*Asks:* 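There's a structure below that I have some questions on.
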There are 2 protein chains.
Amino acid sequence: MLDAFEALLIDDGERAATMDATARAAGVSKGGLLYHFGSKQALEEGIIARLDALVTADIAAMSASPDGPVAYFVRTSAMTDDPLDRAIIAVSRLAQGGHGTAGVALRSVRERWADALRPHTADDTALDLVMLVSDGLYYNNALGGGGVAGPVPAGPAMETLIALVERATKA
Amino acid sequence: MLDAFEALLIDDGERAATMDATARAAGVSKGGLLYHFGSKQALEEGIIARLDALVTADIAAMSASPDGPVAYFVRTSAMTDDPLDRAIIAVSRLAQGGHGTAGVALRSVRERWADALRPHTADDTALDLVMLVSDGLYYNNALGGGGVAGPVPAGPAMETLIALVERATKA
DNA sequence: GTCTATATAGCGATAGAC
DNA sequence: GTCTATCGCTATATAGAC
């Protein structure tokens, strides 16, 4: 059910992610959905909690990455089919729809990433640059909407970008 | 009326920017609002058209900036009270709400900026970096919501960031 | 647990008085 | 031009059968 809600948020926007549509996409009735999630807010808190857990796992993976955390961070910011990136985009949709708690959650997630990256960047300006490039990648993915390929660099272009960012920010 | 609609989108999200709320904020009745804008879609097209006009003016100003277009572009991407930046955030809210035309408009705007900046960057990777930093700044401003100060660098920190970006991307 | 009603409220849009 | 009143639709949520 959370998967269905998430997919609706990503593919059709916040407005279309109704209880009715979520229930239909999950293959249950509205009543059945509301038995598990007593309100729409509970559904929203569900994907926020999922995002939090995925970020915790990602920060662990990032810190252990053989490439170095910065390369890992930038590279994975451009993925679209990853569960983590889907969770971020879904929560971002909620935040832009006016849900305050979603915005707070996104800011907290960003801060956790920044804390993990700070030791690997030359100074605060370098950290700002890395974070902003990542934010930019997410923003463009979020605008993708109907699965249309966005202007985000991919493949070799992405590797060149990572090299440029690393050169500019290396501790 | 467009101002009221824009302010509601920015401050309270797409969900709260209803015809009713817009009319109330503009000091007219729903009927009065619908006399000027025959539908909600007309209201949305109104701010999209306004965004387009503001971007045209901004690209002209950017190209003539004494600092150079890249510095101008990054610096002005972090403003929040500027009419242009407010228009971008408002249209971005619409896009994330599922309005396809708003997403198309944002992509077109981004492409126009990229075309104007391309001659001033070393290569396509450098251009990507500049665009992504700008996108990241907008994204963070968009998450600001209720006017809370975001994690966007300001003042001297912004100037240092601009210097770093210019060093990394100069043609 | 999952379903089919149904209650309640808010949205966009129309009609017609003034 | 601007208003009030109202229609038709859809959203969230509840009640109760199975």
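Not measured: the values here are computed from a predicted model. No hydrogens, no waters, no symmetry mates; every other heavy atom, side chains included, goes into these values.
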*Asks:* What's the spacing between A:L164 CG and B:D128 CG if we round to 0.5 Å?
*Replies:* 9.5 Å

*Asks:* Do any side-chain nitrogens or oxygens of A:Y35 fall under 4.0 Å of OP1 or OP2 in C:dT2?
*Replies:* no

*Asks:* Could you tell me the separation between the OG atom of A:S29 and the OH atom of A:Y35, rounded to the nearest 0.5 Å?
*Replies:* 13.0 Å

*Asks:* Pick the nucleotide of DNA chain C nearest each of B:A16 and A:V28; which residue has the one closer to the 5' end?
*Replies:* A:V28

*Asks:* Ring pair (Phe, Tyr, Trp, His ring centres under 6.0 Å): which pairs involve residues 81-123 of chain B, sequence neighbours left out?
*Replies:* B:F73-B:W113

*Asks:* Base contacts versus sugar-phosphate-only contacts with protein, heavy atoms under 4.0 Å: please encode nucleotides 4-18 of chain D as B, S and - from 5' to 3'.
*Replies:* B------SBBB----

*Asks:* Please answer: with hydrophobic residues joined when any side-chain heavy atoms are less than 4.5 Å apart, are A:V55 and A:L2 in the same cluster?
*Replies:* yes

*Asks:* Sequence neighbours left out, cut at 3.5 Å: what donor-acceptor pairs do the side chains of residues 18-26 of chain A make with other protein atoms?
*Replies:*
| from | atom 1 | to | atom 2 | distance (Å) |
| --- | --- | --- | --- | --- |
| A:T18 | OG1 | A:A21 | N | 3.0 |
| A:T22 | OG1 | A:T18 | O | 2.7 |

